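Structure first, then comments.
Being a predicted model, the structure only gives us computed values, none of them experimental.
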Amino acid sequence: MKSYPELVLEELQRDNTPRTSAQIEAQITARTGVTPHKTAVHGAIIALRKRPNVHLIHTLTNPRKYSLVVPSATVKTPAEINAEFERNLWAVRQGRGQV
């Protein structure tokens, strides 16, 4: 059987809309029939935040709504950003006849 953090992670991956811990708990209970203790979702969220490959965000207002952020695979380094800027600048200058 899966641990409760794994069930929470699966639920967040299944549907990425921001949800409260009560909504997450209700979905897990409906899907698996497991009734957790009162602070199980919060404990699972704390455990998931410690994992380097899981990125959770939440709203600042109560009740907090949690969602999973999928990091983009196309993260550019500063050198790549600088090179792209130079290419675009050169293309603009060439288009204006400034080269």
Side-chain angles (χ1 to χ4, degrees):
M1 182 166 168
K2 295 182 181 180
S3 66
Y4 205 73
E6 292 298 323
L7 291 173
V8 170
L9 182 60
E10 275 185 7
E11 185 60 35
L12 290 171
Q13 287 173 339
R14 190 179 65 78
D15 182 13
N16 202 23
T17 58
R19 289 173 285 170
T20 63
S21 58
Q23 291 169 333
I24 294 169
E25 180 181 330
Q27 288 293 327
I28 291 172
T29 303
R31 271 191 320 121
T32 63
V34 174
T35 305
H37 60 87
K38 190 167 78 171
T39 60
V41 174
H42 292 289
I45 288 172
I46 290 168
L48 288 172
R49 282 191 178 158
K50 293 181 181 179
R51 295 184 185 180
N53 57 347
V54 176
H55 303 283
L56 289 172
I57 59 169
H58 62 83
T59 58
L60 295 177
T61 57
N62 285 331
R64 289 191 173 178
K65 294 185 176 185
Y66 300 95
S67 61
L68 189 65
V69 177
V70 180
S72 175
T74 59
V75 176
K76 296 180 181 177
T77 63
E80 291 171 331
I81 293 170
N82 190 24
E84 183 179 351
F85 176 77
E86 291 295 328
R87 282 192 307 272
N88 292 341
L89 181 62
W90 181 82
V92 167
R93 286 183 176 164
Q94 186 180 19
R96 291 182 183 167
Q98 296 177 348
V99 179

query = When you measure from the side chain of E6 to the backbone N and O of S3, does any donor-acceptor pair fall under 3.5 Å?
reply = no

query = Is there a donor-acceptor pair closer than 3.5 Å between any side-chain N or O of T39 and the backbone N or O of H42?
reply =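 Absent.
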
key: Validation row: L9, R51 side chains within 4.5 angstrom (heavy atoms)   =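 The answer is yes, as the side chains (C-beta and beyond) meet within the 4.5 Å cut-off.
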
Side-chain H-bond candidate by donor/acceptor type, R19 with Q27, under 3.5 Å =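 The criterion, which ignores hydrogens and geometry beyond distance, is not satisfied for Q27 and R19.
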
Interatomic spacing from [atom1] in [X] to [atom2] in [Y] - rounded to 0.5 Å:
{"X": "D15", "Y": "I24", "atom1": "CG", "atom2": "CD1", "result": "10.0 Å"}
{"X": "Y66", "Y": "T59", "atom1": "OH", "atom2": "OG1", "result": "8.0 Å"}
{"X": "N62", "Y": "T20", "atom1": "CG", "atom2": "OG1", "result": "11.0 Å"}
{"X": "I57", "Y": "K65", "atom1": "CD1", "atom2": "NZ", "result": "12.5 Å"}

task = If you link ILVMFWY side chains whenever their heavy atoms are less than 4.5 Å apart, which other residues fall into the same cluster as I81? By chain and number, please.
result = none

inquiry  = Checking one residue: L89. Which other hydrophobic residues are in its cluster under the side-chain 4.5 Å linking rule?
reply    = F85

Could you pull out the closest heavy-atom pair between [X] and [Y], with the gap in Å?
{"X": "V54", "Y": "L48", "result": "CB-O, 3.6 Å"}
{"X": "L68", "Y": "N16", "result": "O-OD1, 2.6 Å"}
{"X": "A44", "Y": "P5", "result": "CB-CA, 3.7 Å"}
{"X": "S21", "Y": "V41", "result": "CB-CG1, 3.4 Å"}
{"X": "V34", "Y": "T29", "result": "O-OG1, 3.2 Å"}

inquiry  = Please enumerate all residues that pass side chain to side chain donor-acceptor pair (under 3.5 Å) together with R64, with sequence neighbours excluded.
reply    = none

